[in-house]
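Okay, structure first, notes after.
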Amino acid sequence: MVRRKDGRFQETVTINGKRKYFYGKSKAEVLRKMAAFQQEQNRGALFSSVAEAWEGVHREEIGEKTWLNYKPHYKEIIDQHGNTPVSEITAQDVVADLRRAAAQGRSITIISTRRSIYRMILDHALASGLIPYNPAIGVQLPKGPKRRRREAPDDSTMETILANTDKPFGVFVALLALTGLRKSEALALTWGDIKKDRITVNKALDYTVHSRPKVKPPKTEAGNREVPILSPLRPLLKRPKGAADTDLLFPSKPSNRNPSASGHMTEREYEGAWKRYCAAVGFVDVTGKPTLTAHQLRHGMATMGFEAGVDELTMQAILGHASPTTTRDIYTHLRAAHRVKEIENLDGMISKMVSKSLQTVENKEK
C-alpha cells in the first residue's frame, strides 16, 4: 500500500488481468473498501456501492442546499442497508424504515424526502441492470404524520412590522412582508434592482459553503421576475444619497472584528440581525427564541393576495414559484380556512336571528 501526493492511501490489485485501484484517507478505509468489493463479488452489488454511484451522478444535478437536506437521510439509509446486496432490498424494508421515521415524530414532508431518496437510488440500480424493478415505487407514505404548515402572520403581527420599520433591520422585515421575497433574494438586492414601482429579482445568496455568502442565479427560471412595490413600501426604499446601482440594500455592517465590512451579510450576521429585531419588537417566546420566520412572511404575502382576490397565476409570478401547484396548494388551504370562517359567521348570524325571534315570541306571550 502506498501513500499518494494528495495524502490518500492507494492499493492496487489485479483481477482477471485488469488492475483495480482502491483509495482512502487511511489504510483502514482502503482495506474496508477492498473487503466490500470482495463481498460484492461474492454476493452481488451492495446497496452502499449503488448509493455512492448514484450520489456521484446526482450531486452534479442538484444544488448544494438540496444535498444538505438529503445528506442526513442518505447517511441513515446507508447505515441500515449498506452491507445488503441491492437485489435483496424489498418494499417491506422501505416501508419499515418510513414507519420508524414516523414513530420518531418526523413530519410527512421529511418522510416523503426519505422515500424519494430510496426511489432515486433504486432507480439507479434498475438503470444499471442490477435489479429487475424498483421496489420503492409502490411504497405509500405512512398514515399519521401531518404536513406541518407555516402559519401566516396575523393582522396584529403585520401591524407591528409596519409600525417598527425604524428599528434596526425593520425595513428588511417589512420588505419581506410586503413583497413575499425569499430572504436570500432580499439580501442580494442592489439599488439598481429598485425601480419606481417594481423590484427586479435576478439573483440570490447561497450560504452552503462555510456559511459564506455567494451570489447565484435564482434556483429556477420562475425566480427571475419583477415584483410590484406596494404603496406602503415605497417610502422605505429610498436610495441613499450617492448610492451606486451596485450598492447593496442590506450590506454587512462594520464591526470591531471587521471594520471595513461592506459586502454581503454572512449567514451569522443575518441570523443575529433577525434575532435582535424580533427581540426589539416582541416576536420572541419565553426563552427568547424568535417566533417569526422569513418564510412566514412569504406565506403572509400569499394570504394577503388571496384575501385581495389576486388570482393564483398572478400570485405565482409574484412569489416566483416554479410550479403553479405550489401556489395552488397554499390557496386551497386558505380557501378551506376561509370556508370554515364563513360558515361560523353564517352560524352566528342565524343563531342571533333565532334568539331574537324567540325573544319576540316570549314578549308576545307576556
So how far is it from [X] [atom1] to [Y] [atom2], rounded to the nearest 0.5 Å?
X	Y	atom1	atom2	result
I117	K75	CD1	NZ	13.5 Å
R8	F22	CZ	CZ	13.5 Å
T90	D93	OG1	CG	3.5 Å
K33	S48	NZ	OG	10.5 Å
H264	K214	NE2	NZ	13.0 Å
M1	F9	CE	CZ	8.0 Å

At their closest point, which heavy atom of [X] faces which heavy atom of [Y], and how far apart are they?
X	Y	value
A174	I161	CA-CG2, 3.8 Å
P228	T179	O-CG2, 4.5 Å
T190	T246	CG2-O, 3.6 Å

Quiz item: Distance-only, no hydrogens or angles: does the R114 side chain make a donor-acceptor pair with backbone N or O of L98 under 3.5 Å?
Solution: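 It does not hold such a pair.
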Quiz item: Quick one: do the Y74 and H58 side chains pair a donor with an acceptor below 3.5 Å?
Solution: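 Their side chains do not contain a donor-acceptor pair, so the 3.5 Å distance test is not met.
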Practice problem: Verify the distance criterion only: is there a donor paired with an acceptor across the side chains of T287 and D285 at less than 3.5 Å? | Solution: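 D285 and T287 do have a side-chain donor-acceptor pair below 3.5 Å.
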Quiz item: Any idea how Y21 and Y23 line up, ring-wise: parallel (<30°), tilted (30 to 60°), or perpendicular (>60°)?
Solution: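 The arrangement is parallel - the two ring planes meet at less than 30°.
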